[in-house]
**Q** 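Sharing a structure below in structure tokens format, with a few things to ask.
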Amino acid sequence: MAAAPLPSVPMEPELHPDLEPLKFLLGTWEGAGVGGYPTIDSFNFGQEMTFTHNGKPFLIYTSRTWLIEEGGELGEPLAMETGYWRPRPNHEVEVTLAHPTGIVEIYIGNVAFNRVELRTDVVARTESAKEVAAGHRLYGKIGDDLGWAYDMSAMKQGLKSHVSAQLKRVK
């Protein structure tokens with residue numbers, strides 16, 4: 001017996017009203033950034049970051065980065081993460097992120113105008129993952145661009161600047 005075809009999925013679901021404070025993040029963003037940490041050499045990277053929704057009260061998030069080679073071309077893949085952004089009452093937000101390196105983070109923070117500030121509430125890791133203890137993230141509009149920065153506490157270092165980027169909306 002053949003399976004019945006799936007009904008067509010709406011192309012653009014209506015934005016859940018709880019997402020209104022976060023709607024400035026929606027879209028696909030691309031650009032370049034810089035990274036470093038006391039335990040690694042500095043580097044330049046390219047990034048694609050996507051925020052979508054399905055009509056429910058959360059954003060669906062993915063981020064992929066690649067090393068930028070000396071000639072300016074994209075090189076090997078670097079970090080990747082995926083997760084969900086859940087708005088809460090009083091302009092608060094909860095974010096869950098999973099990394100293929102064995103790290104899972106839960107952030108809590110707040111949204112003010114076109115800016116989000118997040119701090120880790122929980123960091124969990126597999127036995128083989130690098131030691132990450134805490135994180136602090138900022139996301140915000142810079143004109144029409146999206147800027148973001150990530151400070152990390154890892155490898156027995158205190159909270160230090162790790163990566164930042166400025167991205168342009170491409171979709």
**Q** Is the backbone of Val170 close enough, under 3.5 Å, to the side chain of Thr28 for a donor and an acceptor to pair up by distance?
**A**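 Such a contact is absent between Thr28 side chain and Val170 backbone.
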**Q** Distance check, rounded to the nearest 0.5 Å: Asn54 atom CG versus Leu59 atom CG?
**A**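 Reported value, rounded in 0.5 Å steps: 10.0 Å.
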**Q** To the closest 0.5 Å, what do you measure between NZ (Lys168) and CG (Asp145)?
**A** 3.5 Å
**Q** side-chain contact (heavy atoms from CB on, under 4.5 Å) between Trp85 and Leu118: does it pass, once the steps are laid out?
**A** CA-CA 11 Å; Trp85 292 51; Leu118 303 166; 3.8 Å; yes
**Q** Report yes or no: do Ile108 and Val132 belong to one cluster of Ile/Leu/Val/Met/Phe/Trp/Tyr joined by side chain heavy-atom distances under 4.5 Å?
**A**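 No, no single cluster joins them.
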**Q** Side chains of Val163 and Trp148, heavy atoms from C-beta outward: is any pair under 4.5 Å?
**A** yes
**Q** How close do Phe24 and Trp29 get, heavy atom to heavy atom, and via which atoms?
**A**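 Where Phe24 meets Trp29 most closely, the heavy atoms are O-CZ2, 3.5 Å.
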**Q** Does the side chain of Glu94 come within less than 4.5 Å of Glu92's, by heavy atoms?
**A**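 Not in contact.
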**Q** So, Arg169 side chain and Leu26 main chain: donor-acceptor pair closer than 3.5 Å or not?
**A** yes
**Q** Out of Val122, Thr120, Val95, which residue meets the side chain to side chain contact (heavy atoms under 4.5 Å, CB included) rule with Glu105?
**A**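 Only one option passes, and that is Thr120.
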**Q** A quick test of your reading: do over 12 heavy atoms of other residues, nucleotides or ligands sit less than 6.0 Å from NZ of Lys141?
**A** yes
**Q** Grouping I, L, V, M, F, W and Y whenever their side-chain heavy atoms are under 4.5 Å apart, do Tyr107 and Leu159 come out in a common cluster?
**A** no
**Q** Could you state whether Val93 and Leu146 fall into the same hydrophobic cluster, counting links through intermediate Ile, Leu, Val, Met, Phe, Trp or Tyr residues with side-chain heavy atoms under 4.5 angstrom apart?
**A** yes
**Q** Is there side-chain contact between Val34 and Ser42, with at least one heavy-atom pair below 4.5 Å?
**A** no
**Q** What is the distance from atom OG1 of Thr50 to atom CG of Leu25, rounded to the nearest 0.5 Å?
**A**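 If I round to the nearest 0.5 Å, the distance is 11.5 Å.
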**Q** Kindly determine whether His53 and His16 satisfy side-chain contact (heavy atoms from CB on, under 4.5 Å), including the steps that lead there.
**A** CA-CA 9 Å; His53 72 97; His16 192 283; over 6 Å; no
**Q** Distance check, rounded to the nearest 0.5 Å: Asp18 atom CG versus Lys56 atom NZ?
**A**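 Nearest 0.5 Å value for the CG-NZ distance: 12.0 Å.
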**Q** Using only atom types and a distance under 3.5 Å, with no angle test, would you say the side chain of Ser63 pairs donor to acceptor with the backbone of Glu81?
**A** no
**Q** Can you confirm if the NZ or CZ of Arg137 lies within 45° of the ring axis of Tyr150 and under 6.0 Å from the centre of its six-membered ring?
**A** yes
**Q** If you count the non-hydrogen atoms of other residues, nucleotides and ligands that lie under 6.0 Å from CD in Glu73, is the total more than 12?
**A** yes
**Q** Rounded to the nearest 0.5 Å, how far does NE2 of His136 lie from OG of Ser161?
**A** 11.5 Å
**Q** Show your reasoning for whether side-chain contact (heavy atoms from CB on, under 4.5 Å) applies to His162 and Ile40.
**A** CA-CA 10 Å; His162 178 43; Ile40 61 172; 3.9 Å; yes
**Q** Indicate the ring-plane relationship of Tyr139 and Phe51, choosing parallel, tilted or perpendicular according to the 30° and 60° boundaries.
**A**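 Rings of Tyr139 and Phe51: perpendicular, over 60°.
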**Q** Who else is in Trp66's hydrophobic cluster (ILVMFWY, side-chain heavy atoms under 4.5 Å, direct or via others)?
**A** Ile68, Leu74
**Q** How far does CD of Gln157 sit from OG1 of Thr39, to the nearest 0.5 angstrom?
**A**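 Spacing of CD (Gln157) from OG1 (Thr39) equals 6.0 Å.
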**Q** Is the shortest heavy-atom distance from the side chain of Leu167 to the side chain of Gln47 under 4.5 Å?
**A**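 Yes. Closest side-chain heavy atoms under 4.5 Å.
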**Q** Report yes or no: do Leu15 and Val116 belong to one cluster of Ile/Leu/Val/Met/Phe/Trp/Tyr joined by side chain heavy-atom distances under 4.5 Å?
**A**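 Yes, because Leu15 and Val116 connect within a single hydrophobic cluster, where side-chain heavy atoms sit under 4.5 Å apart.
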**Q** Without swapping roles, check the side chain of Tyr37 against the backbone of Ala154 for a donor-acceptor pair under 3.5 Å.
**A** yes
**Q** Apply side-chain contact (heavy atoms from CB on, under 4.5 Å) to Leu138 and Arg115, showing your working.
**A** CA-CA 7 Å; Leu138 290 172; Arg115 180 180 181 272; 3.4 Å; yes
**Q** Which heavy atom of Pro57 sits nearest to which heavy atom of Pro87, and what is that distance?
**A** O-CD, 3.4 Å
**Q** For the residue pair Val104 and Thr96, establish whether any side-chain heavy-atom pair is separated by less than 4.5 Å.
**A**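 When only atoms from C-beta onward are counted, Thr96 and Val104 do not touch, as no gap falls below 4.5 Å.
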**Q** Answer yes or no: is there a donor N or O on one side and an acceptor on the other, between the side chain of Thr82 and the main chain of Tyr61, under 3.5 Å?
**A** yes
**Q** Looking at Glu131 and Met155, would you say the former's side chain and the latter's main chain have a donor-acceptor pair under 3.5 Å?
**A** yes
